[in-house]
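Start at 1 and go down the list; that is how both ligands and their atoms are numbered.
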Amino acid sequence: MSQVLVLVEHTDGALKKVSLELLTMAKAVGEPAAVFVGNGIDAAADKLAEYGAETIYVADDAALTGYVVAPIAELLAKLVAEQSPIAVLIAATATGKEIAGRLAIKTNSGVLTDATGLSSDGGTVVAEQSIFGGATVVKSSATQGTPIIAVLPNATPPEASPAAGTRTPVSVDLSDAAKGAKIVDSVVEEKGERPELTEASIVVSGGRGVGSADNMAVVERLADSLGAAVGASRAVVDAGWYPHQSQVGQTGKTVSPQLYIAVGISGAIQHRAGMQTSKTIVAVNKDREAPIFDLVDYGVVGDLHKVLPQATEEVQKRK
Ligand SMILES: Cc1cc2nc3c(=O)[nH]c(=O)nc-3n(C[C@H](O)[C@H](O)[C@H](O)COP(=O)(O)OP(=O)(O)OC[C@H]3O[C@@H](n4cnc5c(N)ncnc54)[C@H](O)[C@@H]3O)c2cc1C
């Protein structure tokens, strides 16, 4: 069966959930082969095999992780040339999309981003993308080379499907160009109890309607009652009410959770671009004409300062 390469996202072997999701999607169209770059394979190998990796290409040369993303694109290009996979799957994170673009250039291939589903049409891998505020689903395939597909986190639930997980060491002779941007230091971000925004199953986002930095606590309380991540519109970030890494939208992060709750957010096209593929969308807004209501599955017309505390209380009662 034809291989589907899956670039694994991890920190020292602690796997990101999206990597297991990609293996699950790869399994539906071919034979999953994980590509693990960096340290920590011993911590990760069993889980990769459990979720369907027949082969695990292990590249633990320190140079590969010492120079931002270019070396990883060179490694993947080499694997594409040697293994002729039917597709390469990469998480549609900021880093992942940069690797996907570079890899597509190196392999003269088509790149498809923000995919929410995959299927196979007579051996051709077809990606599903959601556009126009989620109103239209398009199916696309690459017309040349190997399809390089950046898949949104949360596109599918990970499903265990035990496989061999045979480890194969791989390496690449890096070009000088790949060593152009060196990582001189990295700092692990202080993380609270909340899940990471792009990986969370539930996201509660606050907009300008929240009113102030202090009022974001109302959004946080609902998020915490649901075990959700907290997002924000750009208006909130620009006002300095919440950190930039929480921004959802065209110039922020793309999220695709099971449930997205937009609070005091009008629903500008640039905000929608980052959340329109969420499975269920709920909005709380005092303006019944707000464009966000065109997009929602459930809408609450009301003052968020009244609605959110009540919703939080109800969620707490059901625990
Ligand atoms: C190039 C470019 C890139 C951009 N990128 C992004 C991006 O990545 N992400 C992003 O979000 N935006 C982005 N924007 C900005 C975007 O156009 C909007 O300006 C922004 O999303 C508006 O944020 P908002 O919905 O929080 O604020 P507003 O549009 O001001 O909406 C506030 C909403 O809160 C409601 N409200 C007010 N008080 C209450 C209350 N008490 N209870 C309930 N509802 C209330 C109002 O009815 C209103 O609908 C970008 C813009 C440009 C030009």
Side-chain angles (χ1 to χ4, degrees), residues 91-98 101 113-114 116 129-135 150 152-154 194 196-200 202-223 225-226 228-257 259-315:
T93 55
T95 307
K97 284 195 224 180
E98 188 176 342
T113 61
D114 292 341
T116 53
Q129 293 152 310
S130 172
I131 61 164
F132 298 143
L152 282 173
N154 286 316
R194 295 191 188 108
E196 209 276 312
L197 185 57
T198 55
E199 298 237 314
I202 305 177
V203 174
V204 185
S205 285
R208 201 193 319 259
V210 169
S212 69
D214 288 347
N215 285 351
M216 280 298 287
V218 187
V219 176
E220 289 179 335
R221 277 197 282 275
L222 177 60
S225 73
L226 293 163
V230 177
S233 72
R234 179 160 159 181
V236 163
V237 170
D238 285 352
W241 297 350
Y242 226 63
H244 179 257
Q245 61 264 35
S246 310
Q247 184 180 315
V248 172
Q250 185 186 315
T251 43
K253 289 188 174 154
T254 302
V255 299
S256 193
L259 173 63
Y260 186 86
I261 306 181
V263 179
I265 292 177
S266 58
I269 187 81
Q270 296 89 354
H271 187 80
R272 291 174 178 218
M275 44 67 75
Q276 67 195 15
T277 55
S278 305
K279 310 290 177 298
T280 300
I281 300 173
V282 176
V284 181
N285 198 302
K286 67 178 185 185
D287 174 10
R288 64 173 62 247
E289 302 296 328
I292 191 81
F293 286 130
D294 297 340
L295 194 65
V296 299
D297 298 284
Y298 301 97
V300 182
V301 179
D303 182 347
L304 67 93
H305 297 293
K306 292 192 180 133
V307 176
L308 259 60
Q310 287 176 47
T312 307
E313 202 184 317
E314 284 302 318
V315 174

Q: Could you check whether K97 pairs with D114 (Lys NZ or Arg NE/NH1/NH2 to Asp/Glu carboxylate O, under 4.0 Å)?
A: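 Salt bridge: yes.
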Q: Counting non-hydrogen protein atoms only, what is the nearest one to atom 22 (C) of ligand 1? Give residue, atom name and distance.
A: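 Nearest neighbour among protein heavy atoms for atom 22 (C) of ligand 1, to 0.1 Å: A235 CB, 4.1 Å.
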Q: Does G211 come within less than 4.0 Å of ligand 1, judged by its heavy atoms?
A: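 Contact absent.
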Q: Within the side chain of S256, is there an N or O that forms a donor-acceptor pair under 3.5 Å with the backbone of T277?
A: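 Present.
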Q: With heavy-atom distances below 4.0 Å as the criterion, list the atoms of ligand 1 near D303.
A: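 Near D303, meaning under 4.0 Å from one of its heavy atoms, ligand 1 has 40 (C), 41 (N), 42 (N).
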Q: Among all the protein's non-hydrogen atoms, which is closest to atom 30 (O) of ligand 1, and how far away is it?
A: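 Protein heavy atom with the smallest distance to atom 30 (O) of ligand 1: R208 NE, 2.7 Å.
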Q: Could you tell me which non-hydrogen atom of L308 sits nearest to which non-hydrogen atom of V219, and how far apart they are?
A: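 L308 and V219 have their closest heavy atoms at CD2-CA, 4.0 Å.
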Q: Looking only at heavy atoms, which two atoms of G207 and S233 are closest? And how far apart?
A: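 The answer is CA-OG, 3.5 Å.
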Q: Where do V203 and G231 come nearest, in terms of heavy atoms and distance?
A: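 Smallest interatomic distance, heavy atoms only, reads CG1-N, 4.1 Å.
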Q: Ignoring hydrogens, just give me the one of A239, A290, A232, S233 whose non-hydrogen atom is nearest atom 24 (P) of ligand 1.
A: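 The option holding the nearest heavy atom is S233.
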Q: Look at atom 44 (N) of ligand 1 and find which of K286, E289, R288 reaches it with the closest heavy atom.
A: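 Comparing heavy atoms across K286, E289, R288, the nearest one to atom 44 (N) of ligand 1 lies in K286.
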Q: Using distance alone, determine whether V284 and ligand 1 share an N or O pair under 3.5 Å.
A: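 No, no N or O pair falls under 3.5 Å.
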Q: Any N/O of V248 closer than 3.5 Å to an N/O of ligand 1?
A: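 Yes, V248 has an N/O under 3.5 Å of an N/O on ligand 1.
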Q: Which atoms form the tightest heavy-atom contact between F293 and D287, and what is the distance?
A: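 That would be CE1-O, 3.2 Å.
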Q: If you look at every heavy atom in A232 and H271, which pair is closest and at what distance?
A: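 Closest pair (atom of A232, atom of H271, distance): O-CE1, 4.2 Å.
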Q: Report the nearest protein non-hydrogen atom to atom 3 (C) of ligand 1: residue, atom name, distance rounded to 0.1 Å.
A: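 Looking only at protein heavy atoms, the one closest to atom 3 (C) of ligand 1 is R234 NH1, 3.1 Å.
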Q: If you take the nearest heavy atom of each of Q270, M275, K253, which one is closest to atom 53 (C) of ligand 1?
A: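 Nearest option to atom 53 (C) of ligand 1, by heavy atoms: Q270.
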Q: Please list, in number order, the atoms of ligand 1 under 4.0 Å from a heavy atom of G207.
A: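 What qualifies from ligand 1 is 26 (O).
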Q: Under 4.0 Å from atom 19 (O) of ligand 1, is there any protein heavy atom?
A: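 Under the 4.0 Å cut-off, atom 19 (O) of ligand 1 has no protein heavy-atom neighbours at all.
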Q: At what distance is the nearest protein heavy atom to atom 36 (N) of ligand 1, and which residue and atom is it?
A: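 The closest heavy atom on the protein side is G209 CA, 3.6 Å.
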Q: Quick one: side-chain hydrogen bond (donor to acceptor under 3.5 Å, both in side chains) partners of R194, sequence neighbours excluded?
A: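 In terms of side-chain hydrogen bond (donor to acceptor under 3.5 Å, both in side chains), with neighbours along the sequence ignored, R194 is linked to D224.
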Q: When you measure from the side chain of Q276 to the backbone N and O of S130, does any donor-acceptor pair fall under 3.5 Å?
A: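 Indeed, once roles are kept as given, a pair shorter than 3.5 Å links the two residues.
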Q: Under the side-chain hydrogen bond (donor to acceptor under 3.5 Å, both in side chains) test, which residues partner T113, sequence neighbours left out?
A: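 Result, side-chain hydrogen bond (donor to acceptor under 3.5 Å, both in side chains) vs T113: none returned.
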Q: Identify the protein heavy atom lying closest to atom 1 (C) of ligand 1, giving its residue, its atom name and the separation to 0.1 Å.
A: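 Minimum-distance protein heavy atom for atom 1 (C) of ligand 1 reads Q250 NE2, 4.0 Å.
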Q: Within ligand 1, which atoms have a heavy atom of G264 less than 4.0 Å away?
A: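 Once the distances to G264 are compared, the set is 26 (O), 32 (C), 33 (C), 34 (O), 44 (N).
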Q: As an exercise, identify every atom of ligand 1 less than 4.0 angstrom from a heavy atom of G249.
A: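 Here the atoms of ligand 1 in question are 7 (C), 8 (O), 9 (N).
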Q: Return the option from N215, V307, D287, N285 holding the heavy atom at the smallest distance from atom 46 (C) of ligand 1.
A: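 Looking at heavy atoms only, N285 sits closest to atom 46 (C) of ligand 1.
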Q: Closer than 4.0 angstrom: is that true for some heavy atom of V236 and an atom of ligand 1?
A: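 Contact absent.
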Q: State the atoms of ligand 1, each with its element, that fall below the 4.0 Å cut-off from a heavy-atom position in G252.
A: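 Those qualifying, in numeric order: 8 (O).
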Q: With a 4.0 Å heavy-atom cut-off (strictly under), which part of S266 contacts ligand 1: side chain, backbone, both or neither?
A: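 S266 to ligand 1: contacts from backbone and side chain alike.
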Q: I need the nearest protein heavy-atom contact for atom 21 (O) of ligand 1: residue, atom name and distance, please.
A: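 Closest protein heavy atom to atom 21 (O) of ligand 1: A268 CB, 3.8 Å.
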Q: If you count the non-hydrogen atoms of other residues, nucleotides and ligands that lie under 6.0 Å from NZ in K286, is the total more than 12?
A: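 Open.
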Q: If the cut-off is 4.0 Å to any non-hydrogen atom of G302, which atoms of ligand 1 fall inside it?
A: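 What qualifies from ligand 1 is 42 (N), 43 (C).
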Q: Under 4.0 Å from a heavy atom of Q247: give me the atoms of ligand 1 that qualify, with their elements.
A: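 Near Q247, meaning under 4.0 Å from one of its heavy atoms, ligand 1 has 6 (C), 7 (C), 8 (O), 9 (N).
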Q: How many angstroms lie between CG in L259 and NZ in K279, if you round to the nearest 0.5 Å?
A: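 Atom-to-atom, L259:CG and K279:NZ are 11.0 Å apart.
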